[in-house]
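These notes are about the structure you will find just below.
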Amino acid sequence: MASVVDATCITLTFPAGPEHIRLARLVASGLVAQLDYGLDDVEDLRIAVDELCALVVAHAQNNSTLTVSFELRDDVITVRAAAPSAHPEKEIEADELSRLILLAAADEHLLSQNQGDVVGWLRKQPAMAAE
Amino acid sequence: MASVVDATCITLTFPAGPEHIRLARLVASGLVAQLDYGLDDVEDLRIAVDELCALVVAHAQNNSTLTVSFELRDDVITVRAAAPSAHPEKEIEADELSRLILLAAADEHLLSQNQGDVVGWLRKQPAMAAE
Amino acid sequence: MTDESGAFGLTRAVEGTTATLSLSGELDTSAARNVDRAVDELVAAGAKSLVIDLGEISFIDSSGLRSLIRARQQLGDGTDAVHLRNPQPGTMRLLEITGLQDQFRLV
Amino acid sequence: MTDESGAFGLTRAVEGTTATLSLSGELDTSAARNVDRAVDELVAAGAKSLVIDLGEISFIDSSGLRSLIRARQQLGDGTDAVHLRNPQPGTMRLLEITGLQDQFRLV
Ligand SMILES: Nc1ncnc2c1ncn2[C@@H]1O[C@H](COP(=O)(O)OP(=O)(O)O)[C@@H](O)[C@H]1O
Ligand SMILES: Nc1ncnc2c1ncn2[C@@H]1O[C@H](COP(=O)(O)OP(=O)(O)O)[C@@H](O)[C@H]1O
């Protein structure tokens, strides 16, 4: 599994509300379960995906749909979460707690408005990839 | 949760190969984890979703994408799995083992070709809904 | 299945003006609402201090942390108003990452 | 995580012409290929009878059952060629649903 070259893309969509964010955590951990991710890396990915989805959901229109796309290339995972924005004109940023958690749990993350959607993005690589 | 009236729709897409079918099982069990599903119902749903996806994957084009849609209305779950068909003209049916398992684990199931896609569908209701 | 689903659970106990809230499973945005509601009810019923037992929490995110902060505020924001009991390594890590570990009394 | 991921595992042991294949985790289409390959290698190495230990299997589907049937065929299809050890309730249920429980010796 460590030598996969093409990206594997998995997409999950669900109503943009807090009740289903655990599905995104489940898919995230299921996705890396057979890779070189240690327990700590899996937990970091779960929390990062959770924060990303929660941020997007917080700025999403009522009754809209959240789309979470996972892309896996070798053991690097990128996650994009997007939903129609409740206020497309407003600048948005992660609050302090979410920002600190994403900084610690992901290698890179972004949050922005894009063509009417609120979009979150992150990249995560296992800490002990060479193991 | 037992009185949800509108349907909740969750969609999962992944490369149409055997390696990722466990993600569909994960989402299936995650989805009903907070409903009136007993352990046996959850296991039946997992095996039914697994067989459905495996059947569709077996008839899907190489390098195509499988789309698994879960619809939850009260505690009835319907699952539709579809992918571009490798042989759209051919009649397909589940082999005997899969058929027997789907008969036992789901309340109803269908497998067919539809506009170039191979499509599987099932409906499942918890055995002890009134519990 | 219990481990896999990580379903959130909450139980309360009251002794005089001290209430104990025992949480289990995954404390995410969805579950945090239940914590907020329970805290409000305990305060309305006269609780002056609160012990939140985190020993069975398998996951907590920023929403969960916000509920802990909110609980302290509802109880008057005193340093002794809220005690966190038995936080597990993952919870401790999140408290450290966010600089909150000094703002709560850990028991 | 081990329980949640249900990753498939396979170990072999050989004693004379009897081989034991111990399986764990989720035996689905993806994992069944590994079983088929292991059976072929054991047969090529001279195994005449096979014990398949299912005690740690947490999930099996029709692909897993097909691998069991295929193993018996590879070993000459004798009723004594393949023994299934310690099938759990879920596995037993699937053997019953499919009418296969009489086609294997359970030990
Ligand atoms: N966000 C979290 N909330 C609650 N528990 C967690 C969280 N992340 C990890 N854990 C749990 O805490 C334990 C240690 O995880 P972790 O924080 O990654 O360790 P470390 O502090 O060594 O990096 C694990 O058993 C894990 O299940
Ligand atoms: N397809 C399966 N493969 C392997 N184990 C299973 C499967 N389905 C259920 N199990 C396990 O077997 C046990 C009994 O499940 P089940 O077959 O639903 O019981 P029952 O025979 O009482 O209906 C459970 O612990 C479950 O985890």
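A note on names: the letters A, B, ... follow the listed sequences, proteins ahead of strands, and every chain is numbered from 1. Hydrogens, waters and symmetry mates are skipped; everything else that's a heavy atom, side chains included, is used.
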Inter-residue atom distance L66(A).CG - L23(A).CG, 0.5 Å rounding: 10.5 Å

Contacts with chain A made by residues 98-107 of chain C (heavy-atom distance under 4.5 Å), listed by residue number: T98(C), L100(C)

Reported CG-to-CD1 distance for the pair L100(A) and I97(C), which is rounded to 0.5 angstrom: 8.5 Å

D77(C), CG: over 12 other non-hydrogen atoms inside 6.0 angstrom: yes

Cationic N near anionic O, under 4.0 Å, R46(A) to D61(C): no

Flag if over 12 foreign heavy atoms under 6.0 Å of CD, E41(C): yes

Presence of salt bridge, E26(C) and R25(A), under 4.0 angstrom: yes

Max heavy-atom pair count under 4.5 Å with chain C, selected residue of V57(A), L103(A), I21(A), D95(A): D95(A)

